[in-house]
Amino acid sequence: MALILSINTAFETASVILSAGEDILFEIQHASQKDHASFLEPAIKSVASQAGIALKDIDAVTVVNGPGSYTGLRVGLSSAKALCYALQKPLILLNTLDVMALALKLQAQVTEENILYCPMIDARRMEVFTALYDKELSLIKNYSSEVLSEVFLTEEIKSDFFLVIGGNGSEKFKKISNYKKIIDVNPLTISKPLIILGYKGWLKKAFSNVAYSEPFYLKPVYFKK
């Protein structure tokens with residue numbers, strides 16, 4: 001069973017998880033976003049120590065690669081790539097919205113057939129990073145940066161569908177939407193979905209090129225001159 005180290009710095013709360021298959025062995029979280037860089041190295045060493053293993057014993061490194069906090073994504077991927085390069089281990093990249101969509105499904109536990117899942121990440125003002133998934137979590141609206149309005153998703157959602165939403169951008173949608181069949185799931189618990197998808201990536205050998213992997217920002221990063 002694969003022993004995987006997972007890194008998530010896409011949100012305000014960062015986490016480092018050591019898992020075996022789909023089981024979490026040890027996890028450390030840190031809630032101060034500005035300290036993510038200093039948090040990671042001690043946390044990685046700590047979960048390995050708690051498990052009584054050396055880092056060379058892991059089989060792969062998984063990282064939540066975006067969208068999300070631009071700085072957080074860079075910090076997380078840089079640490080993951082450094083580990084993979086030093087230990088000669090494969091790198092597995094996970095899309096943040098895919099992880100959130102699985103969290104929505106696991107937490108909502110809705111049995112209706114007509115259901116859609118829409119995770120939303122706050123991208124400031126009325127903008128969110130989002131995607132839309134069917135009941136099997138197949139993408140029906142691709143990853144995008146959207147400015148929310150009353151007509152958001154009106155073409156994709158039929159009147160008899162339930163819409164499960166969650167994430168730190170979902171509150172904006174609730175305030176402006178007239179859609180009646182909304183199921184709001186917050187806060188989202190990310191850890192279990194993260195390791196489930198990471199393990200699936202391991203089984204499929206969905207490994208990324210360590211040298212050329214980049215954060216998935218979803219929209220351009222602008223720097224003030």
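Quick note: residue numbers are just sequence positions, from 1. Hydrogens, waters and symmetry mates play no part in the numbers below; they use all other heavy atoms, side chains included.
Between S138 and E136, the side chains place no donor N or O within less than 3.5 Å of an acceptor N or O (distance only, hydrogens not considered). Between the side chains of D122 and N168, no donor-acceptor pair of N or O atoms lies under 3.5 Å. Between the side chains of S145 and E127, at least one donor-acceptor pair of N or O atoms lies under 3.5 Å. Between the side chains of Q109 and Q107, no donor-acceptor pair of N or O atoms lies under 3.5 Å. A donor-acceptor contact closer than 3.5 angstrom is absent between the side chains of S177 and E150. When only modelled atom types and interatomic distance are considered, D98 and Y133 share a side-chain donor-acceptor pair under 3.5 Å.
Looking at every heavy atom in both residues, T189 comes nearest to A103 through O-CB, 3.6 Å. When all heavy atoms of S191 and Q29 are compared, the closest pair comes out as OG-NE2, 3.8 Å. Taking both residues in full, the closest heavy atoms of M100 and I190 are given as CG-CD1, 4.0 Å, listed atom of the first, atom of the second, then distance. Closest approach of A51 and L18 over heavy atoms only: CB-CD2, 3.3 Å.
L132 places none of its side-chain heavy atoms less than 4.5 Å from the side chain of L139. A heavy-atom distance below 4.5 Å is not found between the side chains of F162 and L116. At a threshold of 4.5 Å between non-hydrogen side-chain atoms, the residues L137 and L102 count as touching. A 4.5 Å side-chain heavy-atom check between K81 and L91 finds at least one atom pair inside the cut-off.
The backbone N or O of N114 lies less than 3.5 Å from no partner atom in the side chain of K135, so there is not a single donor-acceptor pair. At least one donor-acceptor pair under 3.5 Å links the side chain of K172 to the backbone N or O of R125. Side chain of T130 to backbone of P119: a donor-acceptor contact under 3.5 angstrom is found.
Each of V99, N65, L194, V16 was scored for a side-chain contact (heavy atoms from CB on, under 4.5 Å) with N8, with one residue passing: L194.
For F152 and F173, the gap between ring centers is short of 6.0 Å.
Counting non-hydrogen atoms of neighbouring residues, nucleotides and ligands closer than 6.0 angstrom, the CD atom of E156 exceeds 12 such neighbours. The 12-atom threshold is exceeded at CD of E112, counting heavy atoms of other residues, nucleotides or ligands nearer than 6.0 Å.
Linking Ile, Leu, Val, Met, Phe, Trp and Tyr whenever their side-chain heavy atoms come within less than 4.5 Å leaves I121 and I182 in two separate clusters.
Salt bridge status for D184 with K174: present, with a side-chain N to carboxylate O gap under 4.0 Å.
The aromatic rings of H30 and F39 sit parallel, their planes meeting at an angle under 30°, below the 60° perpendicular limit.
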